[in-house]
Number of protein chains: 2
Amino acid sequence: MASARQHTGQAADPSTPARPTGRDVARHAGVSQATVSLVLGGKWQGRVSSRTAETVRAAAEDLRYRPNLAARHLRLGRTRTALLVVPALSNDFFSRVHAGAARVAREHDLGLVLYPSPEGIAPAPDPFESTPATLDGVIASSMAPEALAALHGDLPLVMLDSDPAGTRAAATVNPDIADGMRRVAEHLLALGHRRIAHVSASVGSWTFHHRARALAQALAGTSASLVCTERSALTVAGGLRAATRALATDPRPSALVCDDDLLAAGACKAARRHGYRIPQDVSVTGFDDLDLATALEPELTTVRLPAEEVGATGMRALIGVLEGRQPDTALLPVALARRGSTGPAAGQRSPGAETG
Amino acid sequence: MASARQHTGQAADPSTPARPTGRDVARHAGVSQATVSLVLGGKWQGRVSSRTAETVRAAAEDLRYRPNLAARHLRLGRTRTALLVVPALSNDFFSRVHAGAARVAREHDLGLVLYPSPEGIAPAPDPFESTPATLDGVIASSMAPEALAALHGDLPLVMLDSDPAGTRAAATVNPDIADGMRRVAEHLLALGHRRIAHVSASVGSWTFHHRARALAQALAGTSASLVCTERSALTVAGGLRAATRALATDPRPSALVCDDDLLAAGACKAARRHGYRIPQDVSVTGFDDLDLATALEPELTTVRLPAEEVGATGMRALIGVLEGRQPDTALLPVALARRGSTGPAAGQRSPGAETG
DNA sequence: CTGAAAGCGCTAACAA
DNA sequence: TTGTTAGCGCTTTCAG
């Protein structure tokens with residue numbers, strides 16, 4: 001019947017020469033389409049003569065054949081593709097996480113699609129509505145739990161920089177946030193700081209709650225006290241305002257511990273507007289060690305997170321889940337980068353404050 | 001024949017209850033699978049009774065049905081998905097470009113996949129090797145032409161912040177880089193600067209070549225001269241080194257024009273290490289108006305690029321191409337952000353240098 | 001207004 | 001060693 005093709009509804013478009021299919025390659029090489037599939041899929045060992053295989057490869061090259069992924073995905077029922085959900089793009093932490101995850105994905109021949117949860121739009125609209133590919137698994141970094149609510153329940157999920165408890169994640173990979181805060185606190189204590197203010201991020205993700213808790217714990221039972229906590233949106237301008245409030249405390253704090261380098265940058269601006277020098281009059285610490293930390297002057301003392309390692313470990317965990325293994329939670333070590341924004345608490349007005 | 005199913009090679013896996021298909025929905029609703037497709041595809045008006053449509057929707061909801069995209073893509077021959085290729089992730093310019101493109105994509109029900117060309121690995125490995133989805137089109141921003149060489153020749157391509165001539169792009173969308181540099185030059189001239197150094201990015205993309213050319217042209221025929229050009233990798237540390245060299249010129253330049261805010265941040269550090277105050281002793285300008293520009297102190301005078309608009313316009317252009325229209329090249333206006341890093345060229349040692 | 005059927009390009013089981 | 005064939009889930013035409 002001549003009507004065989006009219007069912008498809010595909011207009012024959014002569015302007016775009018149809019992209020070659022496996023059948024075209026087969027015809028060109030004088031073999032069957034199945035042989036093409038075997039050869040190009042690398043499973044021809046002991047099933048196809050190497051001469052034929054060569055012919056097929058030549059034909060594919062010749063026609064500039066590229067397999068149709070949609071067809072492959074349909075047939076296989078999997079796509080070998082993972083989604084990485086992050087709350088923001090222009091942030092080295094996430095770009096480093098992505099780099100690590102992408103490297104491991106490449107090594108395992110997996111695709112990785114990056115989904116920046118639309119900033120400002122909260123909570124994230126269903127990532128899967130707008131994600132074009134079918135996915136085998138999801139990695140989510142530093143996301144507030146609500147933002148993941150739309151997440152399709154039956155996909156393997158690995159969470160990064162997130163609450164290890166109480167989620168439906170198959171695995172969690174975290175930098176040791178608490179240890180980072182502890183190191184910050186110890187560093188400041190060793191420099192003689194006793195009045196410490198916390199510039200905290202008003203973001204609903206676990207990582208910031210955890211930072212606040214860790215700071216409080218690290219200071220508890222020491223001779224230093226947390227004189228105030230000022231919350232702010234995660235921006236330089238917000239950090240400036242919050243730090244301005246913190247510096248208005250009387251007697252003023254000698255050190256500002258910030259939840260993030262962006263906030264710390266704002267804190268530095270605030271200190272200077274008050275006429276304070278950094279670090280002689282006030283010390284400032286950041287968190288994350290973004291590129292920004294060393295772009296500032298003085299450079300920020302901050303906590304270096306193993307972002308690439310977090311991404312890589314997370315991807316390995318997801319691969320484990322996909323292969324049916326039961327990966328466990330990982331906690332990766334962090335480091336304190338001591339730089340110019342912290343110094344001895346010299347000019348304290350009230351020397352013998354606490355004696356505990 | 002009972003063998004009908006054993007051909008598929010899909011092991012019946014009781015642990016993962018197979019995801020429901022359109023047939024399941026049809027069965028559940030007591031209609032045919034075609035009806036399901038029509039209803040859920042929104043093309044049922046005047047073909048299916050609204051009562052049936054409602055039943056189908058309920059059944060789909062009930063089973064938590066999600067259409068299999070691979071099957072749809074295979075059937076349709078298109079994926080309604082575009083790829084956005086950028087040279088780096090952690091850079092507001094690109095994240096803003098992405099935001100603009102993603103917004104327009106959403107409005108048109110298109111998917112957008114972000115492909116950060118692996119930094120450090122140059123030129124980019126074939127994006128299509130690692131891109132999981134089949135693509136309908138590509139948008140590339142600020143890429144060196146070689147890095148796009150692997151690009152599959154028959155995909156519609158829109159280029160952003162790139163050479164409008166001599167490429168195979170269907171359209172080009174650029175911020176008016178040359179005008180930006182002109183404004184920088186005029187601003188410095190008006191402040192009395194006559195000895196200007198250029199801290200340029202040693203990156204092979206059109207945008208930086210264009211910036212250098214525009215600066216030279218803007219200065220030509222004025223009383224000011226370009227005393228030197230120091231090239232550097234696109235990092236703060238690189239900017240510091242290049243600016244250090246530039247400041248060693250004798251007599252020294254009174255202003256450092258940088259190709260990018262990152263370089264400008266480095267230039268500021270270099271100036272301070274020389275003991276120069278900004279802007280009293282030396283003025284510094286950036287380009288791009290990254291968040292970094294206002295995180296620094298003093299804040300950078302820089303060129304604000306309409307990044308979101310670039311992304312949005314680029315996506316609209318791609319949609320135009322996909323729909324068979326012939327979009328043309330766009331040039332979007334930029335603005336000079338005058339801030340604290342530039343000031344009058346007061347303390348010039350050699351007052352009457354040129355008199356042209 | 002609804003159902004039957006074809007076929008997108010690929011993979012893998014099976015036959016030859 | 002190679003070919004034949006079924007079928008993944010969907011959209012769309014055509015018949016009823």
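Just so it is clear, the values below take in all heavy atoms, side chains as well, and ignore hydrogens, waters and symmetry mates. Residue numbers start from 1 in every chain, and the chains themselves are labelled A, B, ... in the order their sequence lines are given, proteins ahead of strands.
- T52(A) has a side-chain polar atom (N or O) that falls below the 4.0 Å cut-off from OP1 or OP2 of dT2(D).
- In terms of position on DNA chain C, the residue among G30(B) and N68(A) whose nearest nucleotide sits closer to the 5' end is G30(B).
- No hydrogens or angles considered: a donor-acceptor pair under 3.5 Å links the side chains of S49(B) and T52(B).
- The two residues P327(A) and A317(A) come nearest to each other via the heavy atoms CG-O, 3.6 Å.
- Remark on the helix from dC1(C)-dG16(D) to dA16(C)-dT1(D): inter-end axis angle 50°, axes from five-pair C1' superpositions, rounded to 10°.
- In this structure, L74(B) places its CG atom 7 Å from P of dG9(C), rounding to the nearest Å.
- Comparing atom distances between the R72(A) side chain and each of dT12(D), dT11(C), dT2(C) picks out dT11(C) as nearest.
- Taking side-chain N and O atoms only, R75(B) has no distance below 4.0 Å to OP1 or OP2 of dT12(D).
- Taking atom CG of L40(B) as the reference point, atom P of dG9(D) lies 16 Å away to the nearest angstrom.
- When the nucleotides dC8(D), dT12(D), dC10(D) are ranked by their closest atom to the side chain of A34(B), dT12(D) comes out on top.
- A distance-only check finds a donor-acceptor pair linking the side chain of D24(A) to the backbone of T21(A) [under 3.5 Å].
- Judged as a salt bridge (charged side-chain N to carboxylate O under 4.0 Å, His left out), and not counting sequence neighbours, E61(B) has no contacts.
- A salt bridge links E309(B) to R316(B): one of the charged nitrogens lies within less than 4.0 Å of a carboxylate oxygen.
- Partners of T172(B) under the side chain to side chain donor-acceptor pair (under 3.5 Å) rule, at least two apart in sequence or in another chain, do not exist in this structure.
- One atom, CG of L76(A), and another, C1' of dG9(D), lie 14 Å apart when rounded to the nearest Å.
- Between the CD1 atom of I319(A) and the CZ atom of R80(A) there is a distance of 8.0 Å, given to the nearest 0.5 Å.
- T21(B) has no side-chain polar atom (N or O) that falls below the 4.0 Å cut-off from OP1 or OP2 of dG9(D).
- Atom CZ in R51(B) sits roughly 13 Å away from atom C1' in dT2(C) (whole-Å rounding).
- Heavy-atom distances to DNA chain C give each of Q33(B) and A71(B) a nearest nucleotide, and the one nearer the 5′ end belongs to Q33(B).
- Atom CH2 of W44(A) and atom P of dT1(D) are 10 Å apart (whole Å).
- One finds a side-chain N or O of S49(A) lying less than 4.0 angstrom from the OP1 or OP2 phosphate oxygen of dT2(D).
- Side-chain proximity of Y65(B) to dC10(C), dC10(D), dC8(C): nearest is dC10(D).
- A donor-acceptor pair is defined here as one N or O able to donate and one able to accept, closer than 3.5 Å; no such pair exists between the side chain of D163(B) and the backbone of W206(B).
- Here S32(A) reaches the OP1 or OP2 of dG3(D): one of its side-chain N or O atoms lies under 4.0 Å away.
- Atom CZ in R66(B) sits roughly 16 Å away from atom P in dG9(D) (whole-Å rounding).
- Look at T35(B) and you'll find a side-chain N or O under 4.0 angstrom from OP1 or OP2 of dG3(C).
- dC10(D) atom C1' lies 16 Å from atom CZ of R80(B), rounded to whole Å.
- dT11(C) atom C1' lies 15 Å from atom CZ of R23(A), rounded to whole Å.
- Annotation: of the two residues near DNA chain D, L38(B) and A70(B), the 5′-most nearest-nucleotide partner is A70(B).
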